[in-house]
Amino acid sequence: MKLTLNIWRQAEGADNGAIKTYQIDGISGDTSFLEMLDELNEQLTHQGEEPVAFDSDCREGICGMCGVVINGTAHGRGVSPVRTTTCQLHMRSFKDGDTITIEPWKTPVFPVIKDLVVDRSALDRVVQAGGFISVNTGAAPDAHSTPAPKRQADRAFDNATCIGCGACVAACPHSSAMLFTSAKITHLANLPQGQPERKLRVKNMVGQHDAEGFGHCTNIGECAAVCPKGIPLESINQLNRDLIASLFSGDGKE
Ligand code: SF4
Ligand code: FES
């Protein structure tokens with residue numbers, strides 16, 4: 001497969017950055033998108049050029065490190081599954097002769113560090129504000145010692161699959177991180193262990209979300225359309241219900 005790659009290059013955050021065009025040949029459909037970038041970087045290194053900086057770690061769709069905008073879509077679009085992480089996207093989703101435009105997550109809340117690498121630490125600070133439970137750790141308790149109804153356990157698990165990649169923020173026209181925040185809140189709100197701090201958690205996490213400069217949700221749904229883990233918009237309903245309960249019941253104490 002022969003491809004034309006339009007890639008965002010930015011030496012560091014203070015630079016303006018610009019799209020640069022590269023040609024690459026001999027790419028198999030079984031190559032992953034990041035392996036294709038590895039091959040480009042090998043080519044650039046041999047030519048004495050600076051390789052393209054991009055984030056990755058597990059390359060198995062589980063850590064949330066990777067993430068670029070591919071032809072205008074956060075993480076790109078696969079053939080099967082359509083929604084995937086950048087590292088799980090394979091080149092069989094493209095055709096010989098295609099032009100592919102690759103950009104970083106473009107939102108002021110995730111400033112560019114270099115090329116396709118952005119600073120997503122704002123998401124970490126939202127989790128630090130309340131995405132935890134305060135219990136002593138130790139040996140794992142027996143699963144049946146804290147019973148959870150099946151429906152709630154399933155909702156908690158589905159929301160726990162959020163990998164914190166930030167694609168939802170990159171896709172949102174308001175740079176909102178409501179889908180991410182709601183996944184963390186819905187995960188813990190559906191478990192017995194999450195109840196003691198439930199109201200304070202939502203208040204603190206949404207407060208931190210706003211303090212970081214993430215925008216407000218207007219239910220456009222672009223976030224859920226690109227989420228590689230299928231976190232549903234319904235989770236934002238849970239966040240809003242818990243936030244209202246926290247603000248009006250007096251339990252979300254300072
Ligand atoms: S909600 Fe989805 S898109 Fe957003 S950070 Fe979590 S996994 Fe990524
Ligand atoms: S590199 Fe871990 S999810 Fe893509």
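Both ligands and their constituent atoms are indexed starting at 1 by order of listing. It should be emphasised that the depicted structure is a prediction, and the values quoted were computed from it without experimental measurement. In this chain, residues are counted from 1 in sequence order.
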Specify the protein heavy atom at minimum distance from [atom]: its residue, its atom name, and the distance to 0.1 Å.
atom	answer
atom 8 (Fe) of ligand 1	C165 SG, 2.3 Å
atom 1 (S) of ligand 2	R59 N, 3.2 Å
atom 3 (S) of ligand 2	G64 N, 3.3 Å
atom 7 (S) of ligand 1	I163 N, 3.5 Å
atom 3 (S) of ligand 1	C168 N, 3.4 Å

- Message: With rounding to the nearest 0.5 angstrom, report the OG to CG distance, S56 to L116.
- Response: 11.5 Å
- Look up atom NE2 in H90 and atom CG in D30, then write down how far apart they are to the nearest 0.5 Å. 7.5 Å
Ligand-residue contact atoms, ligand 1 with [X], heavy atoms, under 4.0 Å:
X	result
I231	1 (S)
G166	5 (S), 8 (Fe)
G164	5 (S), 6 (Fe)
C227	1 (S), 2 (Fe), 3 (S), 7 (S)

Contact atoms of ligand 2, heavy-atom distance to [X] under 4.0 Å:
X	result
I62	3 (S)
D57	1 (S)
G61	3 (S)
C63	1 (S), 2 (Fe), 3 (S)

Can you find a side-chain donor-acceptor pair between [X] and [Y] that sits under 3.5 Å?
X	Y	value
R125	Q128	no
T86	H75	yes
Q238	D242	yes

- Give, rounded to 10 degrees, the angle between SG (C87) and SG (C66) as seen from atom 4 (Fe) of ligand 2. 100°
- Can an N, O or S atom be found in C165 less than 2.8 Å away from atom 4 (Fe) of ligand 2? no
- Message: When you measure from atom 4 (Fe) of ligand 2 to the N, O or S atoms of C58, does any of those distances fall below 2.8 Å?
- Response: no
Would you say that [X] contacts [Y] through its side chain, given a criterion of any heavy-atom pair below 4.5 Å between the two side chains?
X	Y	answer
D158	K229	no
Y22	I102	no
F110	L123	yes
C217	S176	yes

- Looking at ligand 1, does A183 have a heavy atom less than 4.0 Å from it? no
- Item | Result of checking H209, R201, Q208, K203 against M205 for side-chain contact (heavy atoms from CB on, under 4.5 Å) | R201
- Answer side chain, backbone, both or neither: which part of T86 comes under 4.0 Å from ligand 2, heavy atoms only. neither
- Message: Starting from W8, can I reach V109 by hopping between I/L/V/M/F/W/Y residues whose side chains sit under 4.5 Å apart?
- Response: no
- Item | Within one Ile-Leu-Val-Met-Phe-Trp-Tyr cluster: V112 and F214, side-chain cutoff 4.5 Å | yes
- Query: Counting backbone and side-chain atoms alike, does C162 have an N/O/S atom under 2.8 Å from atom 6 (Fe) of ligand 1?
  - Reply: yes
